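In each ligand, atom 1 is the first atom listed, and ligand 1 is the first ligand listed. This one's a predicted model, so the numbers in the text were calculated from it and none came from an experiment.
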Amino acid sequence: MALPLDFLGTTYHKARLARKRLLHKLDIIICQKRKDLLSILISTPDDQGHLVTNEEIKDNVLTFLFGGYDTTSSTIAVVLKYLFLNPHCLQKVIKEQKKIAIEKVGDLLCWDDTRKMKYTWQVIQETMHIQPIVTWATREAIKENEYGGFTIPKGWKLAWSAPRSHLSPQFFPNPERFDPSRFEGIGPQPFTYLPFGSRPRMCPGSEFARTEMLVFLHHLVLNYEWSMIDPHEQMTMNPFHTFQKGLKLRIHKKDYSQVQ
Ligand code: HEM
């Protein structure tokens, strides 16, 4: 996805310089790690006996940092917007989370608790349906294909687009209406709902992201109330879909008696 243009003074240019600095730091860490037990992990050869190069390790680490931070933070921000605009959904989320908190009687949340957060997960899924954070990714045609009357030659680059199917009434009735119930039961048809992509290059962080977002919302809805300062704030691409002004909220800590 990297742009081939790099103009002095632009944010993109600064980002490229920051990338260089990060890569330099990672070089130092990799050199240290190569000398300890963890080095076994990064020194394990592939099927052809090739070791992972420093370039590949650095690129992968940066992909994880980049792919693992903005995606979940932006998705959570959009969830907060939809919960604020749909108070009846927020009440159902609070009810579900309260039930879990009461059962825990002071214990820490664990993995099994997140499996009980069915409605909260439907809210997150519906948020990613209406406003997927990653709207497209690329593929390469490994053989010639015919599609929609067009020939796609082998080797051509293709981009799939999540909003194209997410906002299609053919697959999602009233596609732009915020309706978490569309994820009840078996949910949408295969390959129509793609917030994490699909097939071999599907997001490897999807389960981690699910857990992170559910745990965050658990603590947030039980302990805080929020309102949007500008409910009409527009979204922008940076490079993921996110709020133009960073979604400014007014947040209050809940009275403890309300949490019980
Ligand atoms: C709401 C959160 C997230 C969303 C919506 C999301 C979405 C996506 C999408 C759409 C792709 C491209 C898949 C494709 O090409 O088919 C992707 C790739 C990737 N994601 Fe995520 N992601 C999220 C969270 C994370 C997290 C938490 C991590 C890591 C901790 C992560 C790591 C990656 C990596 C490394 C790739 C590249 C995989 C590859 O090229 O094979 N993502 N993600």
Side-chain angles (χ1 to χ4, degrees), residues 1-2 19 22-23 26 29-30 38 41-42 46-47 52-83 93 111 114 117-118 120-142 145 147 152 156-168 171-172 178 180 182-183 187-220 235-243 246-247:
M1 288 188 193
R19 180 186 159 89
L22 279 169
L23 290 180
L26 290 174
I29 295 170
I30 293 168
L38 277 180
L41 290 173
I42 50 182
D46 66 14
D47 295 346
V52 183
T53 64
N54 269 23
E55 291 309 305
E56 286 167 332
I57 295 170
K58 285 187 291 182
D59 206 51
N60 272 296
V61 172
L62 272 199
T63 306
F64 264 89
L65 285 177
F66 177 67
Y69 173 71
D70 290 292
T71 47
T72 35
S73 57
S74 293
T75 304
I76 288 172
V78 187
V79 171
L80 298 195
K81 165 185 156 173
Y82 281 111
L83 284 178
V93 170
W111 174 263
T114 61
M117 300 179 183
K118 293 199 181 336
T120 312
W121 179 233
Q122 282 171 22
V123 165
I124 299 174
Q125 284 179 297
E126 175 61 348
T127 302
M128 296 191 294
H129 157 243
I130 296 192
Q131 219 135 71
I133 294 303
V134 183
T135 46
W136 59 277
T138 50
R139 293 288 187 273
E140 189 176 302
I142 52 174
N145 285 281
Y147 184 79
I152 303 164
W156 274 39
K157 289 278 189 327
L158 305 162
W160 60 257
S161 151
R164 291 286 292 189
S165 62
H166 287 198
L167 299 179
S168 157
F171 306 121
F172 297 93
F178 187 78
R182 60 175 108 237
F183 289 92
Q189 287 178 39
F191 305 114
T192 58
Y193 178 64
L194 304 159
F196 293 109
S198 182
R199 293 297 179 105
R201 299 306 292 263
M202 186 178 163
C203 175
S206 60
E207 275 302 309
F208 176 75
R210 174 186 171 134
T211 309
E212 188 185 350
M213 294 189 287
L214 287 171
V215 171
F216 180 88
L217 286 173
H218 172 84
H219 293 293
L220 187 84
M235 303 290 287
T236 184
M237 299 290 277
N238 186 24
F240 299 127
H241 227 176
T242 191
F243 289 93
L247 184 70

| Testing W160, Y193, F191, F171 for ring pair (Phe, Tyr, Trp, His ring centres under 6.0 Å) with H166, which one passes? | Y193

| said: Walk me through whether E140 and W156 qualify under side chain to side chain contact (heavy atoms under 4.5 Å, CB included). | reply: CA-CA 6 Å; E140 189 176 302; W156 274 39; over 6 Å; no

Minimum heavy-atom separation for [X] to [Y], with atom names?
X    : Y    : answer
T114 : V215 : CG2-CG2, 4.0 Å
T192 : S165 : O-OG, 2.7 Å
L214 : W121 : CD2-N, 3.9 Å
W136 : T138 : CZ3-CG2, 3.7 Å
P204 : F64  : CG-CZ, 4.2 Å
V78  : Q131 : CG1-OE1, 3.4 Å

Of all the heavy atoms in [X], does at least one lie under 4.0 Å from an atom in ligand 1?
X    : value
Y69  : no
T72  : yes
M213 : yes

Quick one: look up the protein heavy atom nearest [atom] and list residue, atom name and how far away it is.
atom                    : value
atom 15 (O) of ligand 1 : R139 NH1, 2.9 Å
atom 30 (C) of ligand 1 : F64 CD2, 3.8 Å
atom 13 (C) of ligand 1 : R201 O, 3.1 Å
atom 1 (C) of ligand 1  : T75 OG1, 3.4 Å

| Between L220 and I76, is a side chain to side chain contact (heavy atoms under 4.5 Å, CB included) present by the stated rule, with each step listed? | CA-CA 11 Å; L220 187 84; I76 288 172; over 6 Å; no

| field | Short side-chain to backbone donor-acceptor contact, S168 and R164, under 3.5 Å | value | no

| task | Mark yes or no for whether S73, through its side chain, and D70, through its backbone, hold a donor-acceptor pair below 3.5 Å. | result | yes

| field | Criterion side chain to side chain contact (heavy atoms under 4.5 Å, CB included) against H241, the qualifying member of T71, T135, T75 | value | T135

Against heavy atoms of [X], which atoms of ligand 1 measure under 4.0 Å?
X    : result
T63  : 35 (C)
F208 : 27 (C)
W160 : 10 (C), 14 (C), 16 (O)
A137 : 15 (O)

| request: For ligand 1, indicate whether the residue S198 contacts it via side chain, backbone, both or neither (heavy-atom separation under 4.0 Å). | output: backbone

| Which of the listed options, A162, P195, S73, holds the heavy atom that is closest to atom 10 (C) of ligand 1? | P195

| message | Just to be sure I understand the site: which N, O or S atoms from the protein are less than 2.8 Å away from atom 21 (Fe) of ligand 1? | response | C203 SG

